[in-house]
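The structure presented is a predicted model; accordingly, all values stated were derived computationally and were not measured. All ligand and atom numbering here is 1-based and tracks the order in the structure. Only this structure's heavy atoms are used, side chains among them; waters, hydrogens and symmetry mates stay out. Numbering starts at 1 and runs along the sequence shown.
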Amino acid sequence: MALIVQKYGGTSVANLDRIANVAKNVIRVKEEGNQVAVVLSAMSGETDRLIQLAQKAAPDPDLREYDALISTGEQVTVSLLAIMLNGMGYKAKSFLGFQVPVLTDRAYSKARIQTVKKNLVLRELKKGTIVIMAGFQGVDNENNITTLGRGGSDTSAVALAAALKADVCDIYTDVDGVYTTDPNIYDKARRLDHITYDEMLEMARAGAKVLAPRSVELAKNYNVPVYVKSSFSSEGGTLVTKETKNMEKEIVSGVTYDRDQAKVTVIHVPDRPGIAAQIFAPLAKNNIMVDMIIQNVSIHGFTDLTFTVSKKEVNEVKRLITRAAKDVGADKVEVDDNVAKVSVIGVGMISHSGVAAKIFEALFKENINIMMISTSEIKVSCIVEAKYTQLAVTAIHEAFGLDRGR
Ligand code: ADP
Ligand code: ASP
Ligand code: MG
């Protein structure tokens, strides 16, 4: 008997028919003699709808209430699945984040899980109950409801699997695995049978939304095998795991894009020690993640500082940075949110040269201008104009020989 955590995303629970399909799959795995804990997202589009409602109610909604609202989509799906399973004669119980409890910090709308208390869930599983936990939500130490950030049910599922020491965490979604690039924007993308935690982590951080980055971090830290599968077909699947001997050693494993990017430039910044610290401190204080940073060569003691942040936070960033820029005596702040980040990921890069050059050449051939570049041991990212996203991805995918049927 194995303990299996299954997670179903928004499209997999989009309506009653789809939930019935989930029920069938849960029952199949349960009937095979396993203990099953299920984590669900809200119906697809529901979290977006709730976010829009909050923004209509007030332009800058109070974050405590915002989380209380946007976490409700998951309450609908978990209780519906439990009702359905009970109606089919199976013992099933739904649990919201606070009932488990899934304890988090208080960073509303991007809370981090501190612990998942396993006792209640384990007790139910031992009784033969199918446990159905709401993804995306938790509770802080003063009983405030928190949410984990978009795509956060993946994180809920892996955190639950880690707490329960589950044998596997199956992530059911609308594609049948992890591909070399988003199969929905390029039909020549290839499905990968295996991918290492490190590569998946870089792909997720660089925008491949098939898994939330934090879920991969947790999977790696707690050694949880994650299997990405289709809700709609039993074919395919990608295992995310530690490196194994027989894994293909490609230089590049994937190309990703992230449209959730905004470029911020602080112009004519005095070039002296402590200035960068002063500019970035307010962002850190407000839990705002800064991605790429470049500083131009200084001319006559002044320089320009450019960095990228999530588009969702750009208004707050502009407000904070405009104040900081004034304090340090910079000229002005410019924001461009018409950009996207295209990244190339592969552990093989560590031992191969020429990867960056090949990317630049592929983009040059398509006449795509590169606005910013950043590199790590296993990733090269470029900021390009948003309208070139798909063209850049396909050109790079092809240049590295990743296309299917080669
Ligand atoms: P869910 O609602 O099940 O969590 P998501 O929409 O969050 O599903 O993630 C699945 C989507 O991720 C796919 O529909 C696909 O468009 C996208 N995606 C992006 N990059 C990749 C990739 N490299 N491999 C597979 N899917 C990807
Ligand atoms: N429902 C949440 C969202 O849309 C969480 C998730 O789907 O993982 O972001
Ligand atoms: Mg998702």
Which N or O atoms of ligand 2 sit under 3.5 Å from a protein N or O, and how far apart is each pair?
residue, atom, partner, partner atom, Å
ligand 2, 1 (N), Thr47, OG1, 2.8
ligand 2, 1 (N), Glu74, OE2, 2.7
ligand 2, 4 (O), Thr47, OG1, 3.3
ligand 2, 4 (O), Arg150, NH2, 2.9
ligand 2, 7 (O), Ser41, OG, 3.2
ligand 2, 8 (O), Gly151, O, 3.4
ligand 2, 8 (O), Gly152, N, 3.4
ligand 2, 8 (O), Ser153, N, 3.0
ligand 2, 8 (O), Ser153, OG, 2.7
ligand 2, 9 (O), Arg150, NE, 2.7
ligand 2, 9 (O), Gly151, N, 2.9

Practice item. Could you tell me whether some N/O pair between Ser12 and ligand 1 is separated by less than 3.5 angstrom? Key: no
Point to revise | Exercise: do Asn367 and Tyr388 side chains pair donor with acceptor under 3.5 Å | key: no
Check your understanding: ligand 1 and Asp174, any nitrogen or oxygen pair closer than 3.5 angstrom?
Key -> yes
Revision key, fill the gap. Atom 23 (N) of ligand 1 has as its nearest protein heavy atom Tyr179 O, 2.9 Å
Check your understanding: Has Pro183 got any heavy atom lying under 4.0 angstrom from an atom of ligand 1?
Key -> yes
Check your understanding: What atoms of ligand 1 come closer than 4.0 angstrom to any heavy atom of Asn184?
Key -> 13 (C), 14 (O), 15 (C), 16 (O)
Practice item. Give the atoms of ligand 1, by number and element, whose distance to some non-hydrogen atom of Met203 is under 4.0 Å. Key: 23 (N)
Review point. Does an N or O from Gly10, backbone or side chain, lie closer than 3.5 Å to an N or O of ligand 1?
Key: yes
Exercise for review: Could you tell me whether Thr173 and ligand 1 have an N or O pair separated by under 3.5 Å?
Suggested key: yes
Review point. Hey, what do you get for CG (Leu239) to CD1 (Ile195), rounding to the nearest 0.5 Å?
Key: 11.0 Å
Check your understanding: Just heavy atoms, cut-off under 4.0 Å: does Thr180 contact ligand 1 by side chain, backbone, both, or neither?
Key -> neither
Review point. Counting heavy atoms not belonging to Lys188, are there more than 12 under 6.0 Å from its NZ?
Key: no
Point to revise | Side-chain donor-acceptor pair present, Tyr186, Glu398, cut-off under 3.5 Å | key: no
Check your understanding: Lys7 to ligand 1: N or O pair under 3.5 Å?
Key -> yes
**Study point:** Neighbour count above 12 (heavy atom, 6.0 Å) for Met289 CE
**Key:** no
Review point. Do Ser215 and Asp154 meet the criterion of a side-chain donor-acceptor pair at a distance under 3.5 Å?
Key: no
Review point. Just checking, any donor-acceptor pair under 3.5 angstrom between side chains of Asn21 and Arg18?
Key: no
Review point. Taking the six-membered ring for Trp, are Phe280 and Phe307 parallel (under 30°), tilted (30 to 60°) or perpendicular (over 60°)?
Key: perpendicular
**Study point:** Distance from atom 12 (O) of ligand 1 to nearest protein heavy atom, with residue and atom
**Key:** Val210 N, 3.4 Å
**Study point:** Between Asp260 and Ser310, a side-chain donor and acceptor under 3.5 Å
**Key:** yes
Review point. Short list, please: which atoms of ligand 1 are under 4.0 Å from a heavy atom of Val178?
Key: 24 (N)
Review point. Can Glu217 and Lys220 be said to form a salt bridge (Lys or Arg N to Asp or Glu O under 4.0 Å), step by step?
Key: CA-CA 5 Å; Glu217 252 171 61; Lys220 183 185 170 188; over 6 Å; no
Practice item. Decide yes or no for Asn184 and Val175: does some side-chain heavy atom of the first lie under 4.5 Å from some side-chain heavy atom of the second? Key: yes
Exercise for review: Assess Gly177 for proximity to ligand 1: is some non-hydrogen atom of it under 4.0 Å away?
Suggested key: yes
Point to revise | Nearest non-hydrogen protein atom, atom 6 (O) of ligand 1 | key: Lys209 NZ, 3.2 Å
Exercise for review: Identify which of Val255, Val228, Asp182 has a heavy atom lying nearest to atom 16 (O) of ligand 1.
Suggested key: Asp182
**Study point:** Residues Thr303 and Ser298: side-chain donor-acceptor under 3.5 angstrom
**Key:** no
**Study point:** Test salt bridge (charged side-chain N to carboxylate O under 4.0 Å, His left out) applied to Lys387 - qualifying residues, sequence neighbours left out
**Key:** Glu385
